[in-house]
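Heads up, the thing below is written out as structure tokens.
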Amino acid sequence: MHSPVIGNGPRGGHLLAVGSTLTEICAAVSSHSSPTPLAARASQALRGRISIPGDKSISHRALIFGLLSVGETQITRLLEGDDVLRTAAAVKALGATVEHTGEGAWTVRGVGIGGLVQPAEVLDFGNAGTGSRLMMGVVGSHPITTTIDGDASLRKRPMRRILDPLEMMGATVVAEEPGGRCPITLRGAAEMIPITYQTPVPSAQIKSAVLLAGLNAPGTTTVIEQEASRDHTERMLRHFGAEVVVEPHGTHGRRVSLTGQPELHAAPVAVPADPSSAAFPLVAALVVPGSEVVLEGVMANPLRTGLVTTLLEMGADITLRDRRADGGEEVADLDVRFSALKGVDVPAERAPSMIDEYPILAVAAAFASGETRMRGLAELRVKESDRLAAVADGLAAAGIKARIEGDDLIVEGTGGTGAGVRGGGTAATHLDHRIAMAFLVLGLGAKEGMAIDDAGMIATSFPSFIPLMRRLGADLG
Ligand SMILES: O=C(O)C1=C[C@@H](OP(=O)(O)O)[C@@H](O)[C@H](O)C1
Ligand SMILES: C=C(OP(=O)(O)O)C(=O)O
């Protein structure tokens, strides 16, 4: 019998047979050698109810915690996007048994903390900052030598922010490209040193890498952050049996302490719908006249809801219905209607709770009346692309006035003037899924539509984006 070991089933065509090598698995994940341009045309009203795929952050973590646990972790509604499939492949290469048992359903038989095997090949994380950085914390705390690499976008992203604390804990960076870039070869110490570490920027990836390394260090590892970032790692540590203490730190920060070397036990994970993916149909419904859309079961973790808070301030007609617990998180159905938006000032301290949502917020701002100022966006320069520049350039191509002042992005809205968004240009996506989806949404509400140079990267986080948007009535093609 041949059952798939890694794959996302009939939709994505990533099915692989038992015993596939890491190279075969990575080859099966979409390769983006030739760009696929796509256009969005001014659409009729968007209507309908849709379910958004599983959260990317939680999906990566579910696989990683499965690897570090003893027993069989059953995951449901896993996001089967390219980024997460890379993490699945890495988890397999490090010794776990990973089985794909149905759409979104995966089983991981872990090796436990300390039980990782040295991978035979380079761990290729493709486009994924989260997968690569969290896994550096895992492999860099074990006495194995591992090389981590990725695509042209990942190779530009700064990794010293992860390597610095790992070196303090006893890891050795055997090789790195200038500025701490991938490919990076790491070796953990036989006995790691627990540390207290204050993150230099608010980043759940840094916090998580240090905590994951702290799992294999005796004693208490503490991470202090000035601004609270998403807390999925802390929640999952507890869910799998680790002892974690979270205390407030300063006005907006947190202090997270983990007791090292617990035995983690396999635990079921039901992945809630990704609010960062929901952001695209949400804003599309707000800017396409006459739209009425329901987004089902979207995660409403308060460290992820900055976009909804901001859109409500802008006058958006969004109702959160049937708030309920699901998979250890609060979720709600979002009823969204076309709205006349107004420009707002978005404070810097809100950034961690909506860090991936600025490209689509900038699109909403283009349709609003008046100016929107988004403050404190330095971190956007080191995402899959320089998102500050990519957003400003894309808006200019659509005929919108936008400028960057220091770390702030200012967008001059066209609503209320009768002018509306012209569109008609082509946005350069720079291997960045969120830039791609944001400008397609802009095109749905713009007079002349909008094109993007490459839709291929959308598969990293939201492989069903195009069919789901079409189901709502979006004119994409
Ligand atoms: O921990 C995570 O899952 C993520 C953290 C954020 O990155 P930073 O930690 O770099 O802010 C976010 O941008 C990314 O998409 C997912
Ligand atoms: C920044 C993102 O992801 P990552 O850092 O995992 O590449 C994102 O999904 O917008």
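Counting starts at 1 for both ligands and their atoms, following the listed order.
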Check: ligand 2 versus Arg387, non-hydrogen atoms closer than 4.0 Å: side chain, backbone, both, neither?
Finding: side chain

Margin query: Could you walk me through whether Glu357 and Arg434 satisfy the salt bridge (charged side-chain N to carboxylate O under 4.0 Å, His left out) test, starting with their C-alpha distance in whole Å, then the side-chain angles of each, then the deciding distance to 0.1 Å, before giving a yes or no?
Written below: CA-CA 8 Å; Glu357 279 68 84; Arg434 304 222 187 264; 5.1 Å; no

Next item on the list: Using distance alone, determine whether Gly129 and ligand 2 share an N or O pair under 3.5 Å.
Entry: yes

Next item on the list: Step through the shown structure and confirm whether more than 12 heavy atoms of other residues, nucleotides or ligands are within 6.0 Å of CD on Glu243.
Entry: no

Item checked: Atom pair CG/OH of Leu166 and Tyr197 - distance to nearest 0.5 Å -> 9.0 Å

Checklist line | Proximal atoms of ligand 2 relative to Lys383 (non-hydrogen, under 4.0 Å) | finding: 1 (C)

Item checked: Ligand-side contact atoms (ligand 2) for residue partner His433, heavy atom cut-off under 4.0 Å -> 8 (C), 9 (O), 10 (O)

Check: Which bit of Glu379 gets closer than 4.0 Å to ligand 2, counting heavy atoms only: side chain, backbone, both or neither?
Finding: neither

Item checked: Nearest-neighbour protein heavy atom for atom 2 (C) of ligand 2, which is reported as residue plus atom name and distance -> Glu384 OE2, 2.9 Å

Checklist line | For Ile355, atoms of ligand 1 separated by under 4.0 Å from a heavy atom | finding: 12 (C), 13 (O)

Check: Hey, which atoms in ligand 1 end up nearer than 4.0 Å to a heavy atom of Ala204?
Finding: 1 (O), 9 (O)

Item checked: Passing candidate, side chain to side chain donor-acceptor pair (under 3.5 Å) with His60, options Asp83, Thr87, Thr130 -> Thr87

Notebook entry, point to check: Under 4.0 Å from ligand 2, counting heavy atoms only, is it the side chain of Arg133, its backbone, both or neither?
Noted result: neither

Check: For atom 16 (C) of ligand 1, which protein heavy atom lies nearest, and how many Å away is it?
Finding: Thr130 OG1, 3.2 Å

Next item on the list: Report, in ascending order of atom number, the atoms of ligand 2 lying under 4.0 Å from any heavy atom of Asn127.
Entry: 7 (O)

Next item on the list: Mind running salt bridge (charged side-chain N to carboxylate O under 4.0 Å, His left out) on Glu379 and Arg161 for me, showing each step along the way?
Entry: CA-CA 12 Å; Glu379 276 296 294; Arg161 53 178 60 195; 2.9 Å; yes

Next item on the list: Determine, using heavy atoms of His60 and all atoms of ligand 2, whether some pair is separated by less than 4.0 Å.
Entry: no

Notebook entry, point to check: Can you list the steps and then say if Arg61 with Glu234 is a salt bridge (charged side-chain N to carboxylate O under 4.0 Å, His left out)?
Noted result: CA-CA 10 Å; Arg61 286 164 173 79; Glu234 295 91 306; over 6 Å; no

Check: Which protein heavy atom lies closest to atom 9 (O) of ligand 1, and at what distance to 0.1 Å?
Finding: Ser203 OG, 2.6 Å

Notebook entry, point to check: Which residue from His232, Lys383, Glu379 reaches closest to atom 6 (C) of ligand 1 through any of its heavy atoms?
Noted result: Lys383

Note to self: Could you tell me, atom by atom, which parts of ligand 2 come under 4.0 Å of a heavy atom of Arg157?
What the structure shows: 4 (P), 5 (O), 7 (O)

Notebook entry, point to check: Which ligand 2 atoms are under 4.0 Å away from a heavy-atom of Thr130?
Noted result: 4 (P), 5 (O), 6 (O)

Check: Nearest protein heavy atom to atom 3 (O) of ligand 1, by residue and atom, and its distance?
Finding: Ser57 OG, 2.7 Å

Checklist line | From CA spacing to verdict: salt bridge (charged side-chain N to carboxylate O under 4.0 Å, His left out), Asp274, Arg77 | finding: CA-CA 11 Å; Asp274 193 331; Arg77 305 189 306 230; over 6 Å; no

Checklist line | Closest approach of any protein heavy atom to atom 12 (C) of ligand 1, naming residue and atom | finding: Asp356 OD2, 3.4 Å

Item checked: Rounded distance [0.5 Å steps], CZ in Arg350 versus OH in Tyr358 -> 7.5 Å

Check: Which atoms of ligand 2 have any heavy atom of Lys56 under 4.0 Å away?
Finding: 2 (C), 3 (O), 4 (P), 6 (O), 8 (C), 9 (O)

Margin query: Tell me if a side-chain donor or acceptor on Lys207 pairs with a main-chain N or O of Arg230 at a distance below 3.5 Å.
Written below: yes

Checklist line | ligand 2 atoms in contact with Gln205 (distance to a heavy atom under 4.0 Å) | finding: 4 (P), 5 (O), 6 (O)

Notebook entry, point to check: Under 4.0 angstrom from ligand 1, any heavy atom of Arg61?
Noted result: yes

Note to self: Testing the 3.5 Å rule here: is there a donor-acceptor pair between the side chains of Lys56 and Ser276?
What the structure shows: no

Notebook entry, point to check: Without hydrogens or angle criteria, can the side chains of Ser141 and Asn216 be said to hold a donor-acceptor pair below 3.5 Å?
Noted result: no

Notebook entry, point to check: Do His232 and Ser57 meet the criterion of a side-chain donor-acceptor pair at a distance under 3.5 Å?
Noted result: no

Margin query: Heavy-atom pairs closer than 4.0 Å: do any link ligand 2 to the side chain of Thr460, the backbone, both, or neither?
Written below: neither

Check: Are any non-hydrogen side-chain atoms of Thr107 and Val98 less than 4.5 angstrom apart?
Finding: no

Check: Just by distance, do the side chain of Glu80 and the backbone of Gly104 share a donor-acceptor pair under 3.5 Å?
Finding: yes

Margin query: For atom 10 (O) of ligand 2, what's the nearest protein heavy-atom neighbour? Residue, atom name and distance, please.
Written below: Arg434 NE, 2.6 Å

Margin query: Applying a heavy-atom cut-off of 4.0 Å, say which part of Arg230 lies close to ligand 1: side chain, backbone, both or neither.
Written below: side chain

